[in-house]
Q: 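If you scroll down you'll find the structure; I have some questions about it.
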Amino acid sequence: MSAPEAARAMDKPLLRVSNVETAYYGRLTVLRGVSMEVLSGQVVTILGSNGAGKSTLLKTIMGYIPDQPDKGTIEVLGRRVNGWDPEDIARLGVAYIPEGRGIFPELTVHENLRLGAYPRGDGAVASDFEEMEVRFPILRERRRQFAGTLSGGEQQMLALARALMSRPKLLLLDEPSLGLAPRIVGEVFCIIREIHAAGTAMLLIEQNARQALGVADYGYVLESGRIVLEGISTRLEADPNVQELYLGMVREESVKGFRRFKVRRRWA
Amino acid sequence: MTQLAQYLVGGLATGSLYALVALGVVLLYRSSRVLNFAHGDIATLGTFVAFTLLGRKLPFSLAITGGLAAAALVGVLFFFFVLRPAKEASLLGKIVLTLGLALVLSGAVQVVWGTDTLVFPFPLSDTRVHRIGQVVVSETSLGTIVTGIVLMTLLYVLVQGTKIGLAMRAVAQNADAAQALGIPARKIYALTWALAAALGGAAGVLLAPVVYLDPFMMLDPFLKGFAAAVMGGMDSLPGAVLGGFLLGIAESVFAGYISFKFKTTMAFAVIILVLLVRPEGLLGRVYHRRV
């Protein structure tokens, strides 16, 4: 890539979500005007409690919710993808690991990996296999096993490796730490750091705010379908509201319940 | 002993028909959980189209290909123009839609070709026979067994050995995740419909020289194939083949030794017995649940 091209690529965000509103069954509004961006090479995290609309945002971006978004624009690599099918968005270079990992339980580990490279026609697939198996030794060991027999952590590794097999420009991760032991969560985040270091942009949804802010460059706080706070992750980490609500730090003066309630509404 | 061998050969011939029907049913069931009640009628339509093409003096192979293509086309059109628009419908709703297709097709066949029985000109003869030792095999039976096994092998290679087959299995297990990997799930479903319908059509064509053509010729084989699929385990392609052959053989042996009249009754008694012992079917698996 020449220098001006690189500069242009830097200018255009990989993902731009503008004023997106999503409603399930056309009635139940979950996202109420969400705007956010992922720049190339960045890890962006979205924090939010259960039901805030984090997973819905990812599903909307990937085109999984029929006839949605209701309003707003989703741009991937500068192209408007509203109304596209998930497979076409994936083919632009977006890999998505859904909540629950989305592995194929009755296919072997090897077949799962092969499917990661499904749209690719280039000759480098074989060498990418090698690379994945070096990077995730457990997958080499379990190569011929059904993926459904792997442990939760191994399945998450498989999902990550499978996503990387498509050589994505942007990786969407929905709660990669869900249901994993703390030590395994550490391993998963180690790999996320490696992927980041290799230059792949990521949009990371996490309940584990401490880990998420630890790897992210930038973060958004989503509450009841609205972005209530955004900023570079160090700034979010220092924000008193984020500390209290997402990092579990207790403020001395908020022992009384009603105070907590008041604090909760004092965003931005 | 010779007699038993004779019954076994007869059972293999009907069994491979049942297996072909069962494979079509299972292919669709395991990819989308839809029970296709129109399977038999799609097959009948394909057979009648092949019959008409033969009447137009087309060579046999071309006419058969045309018949199978017609069946496949009906399957694909049904998927794109009925099942897809009705994607919000419940599973039961979709199954009722296939029932509707069955009635429509059956009516169409009766209108176009009439309800009289027709004779399907088949290059293999039912009366010319081959002898293997003491056992007598008619050309038609031999042809049916060989064609059935060739088609099953081809299907196995397609599903287990090719990239498109891998994609079919992935879509069957988790369509959303498959889409996230760039696999065009809808096209794969359409392909599955085409394959299933063509397999049914092949069974229809193989059955035609034995029973004469009439609009309801596939009713009995469809029910038996469906039962074979249930017996083998609805999720399993090898199960469908095993179920089909077992059913065919059981029927033939029972008809030979005990009673011809009650062979169908006996076939279903066997199925009940199998399902009592193994509710998930012979090769089905219980733990696998789609969520």
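Chain A is the first sequence line, chain B the second, and so forth, proteins listed ahead of strands; every chain is numbered from 1.
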Q: Which of residues 157-169 of chain A get closer than 4.5 angstrom to chain B, counting heavy atoms alone?
A: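 Expected list: Arg162(A).
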Q: Distance from Leu107(A) atom CG to Leu166(B) atom CG, nearest 0.5 Å?
A: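 Spacing of CG (Leu107(A)) from CG (Leu166(B)) equals 6.0 Å.
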Q: Rounded to the nearest 0.5 Å, what's the gap from CG on Asp88(A) to CD on Gln179(B)? Could you check?
A: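 Answer for the CG-CD pair, Asp88(A) versus Gln179(B), is 9.5 Å.
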Q: Checking an interface table here. Which of residues 75-86 of chain A come within a heavy-atom distance under 4.5 Å of chain B?
A: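 Counting heavy atoms that sit under 4.5 Å from chain B, the residues of residues 75-86 of chain A involved are Asp85(A), Pro86(A).
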Q: Please give me the minimum heavy-atom distance between Tyr118(A) and Gly182(B), naming the atom from each residue.
A: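 In terms of heavy atoms, the two residues are closest at CD2-O, 4.0 Å.
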Q: Is Phe268(B) atom CZ crowded by more than 12 heavy atoms from other residues, nucleotides or ligands, each under 6.0 Å away?
A: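 Counting neighbours around CZ of Phe268(B), more than 12 heavy atoms of other residues, nucleotides or ligands fall under 6.0 Å, so yes.
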Q: Taking NZ, NE, NH1 and NH2 as the nitrogens, is one of them in Glu111(A) or Arg169(B) under 4.0 Å from a carboxylate oxygen of the other?
A: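 Answer for the salt bridge query: yes.
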Q: Side chain, backbone, both or neither: which part of Tyr64(A) has a non-hydrogen atom closer than 4.5 Å to chain B?
A: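 When you check distances to chain B, only side chain atoms of Tyr64(A) fall under 4.5 Å.
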Q: Any chance you could lay out the side-chain contact (heavy atoms from CB on, under 4.5 Å) test for Ile183(B) and Glu87(A), step after step, and finish with the verdict?
A: CA-CA 6 Å; Ile183(B) 298 170; Glu87(A) 56 261 40; 5.9 Å; no
Q: Go through the atoms of Ile103(A) and report whether side chain, backbone, both or neither lie under 4.5 Å from a heavy atom of chain B.
A: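 For Ile103(A), backbone heavy atoms alone lie under 4.5 Å from chain B.
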Q: Pick from Ala177(B), Ala180(B), Ala170(B): which one has the most heavy-atom pairs with chain A under 4.5 Å?
A: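 Highest number of pairs under 4.5 Å: Ala170(B).
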Q: Is any side-chain heavy atom of Leu181(B) closer than 4.5 Å to a side-chain heavy atom of Phe104(A)?
A: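 Leu181(B) reaches Phe104(A) side chain to side chain.
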Q: When rounded to the nearest 0.5 angstrom, what is the spacing between CG in Asn174(B) and CZ in Arg101(A)?
A: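 Output value for this atom pair is 13.0 Å.
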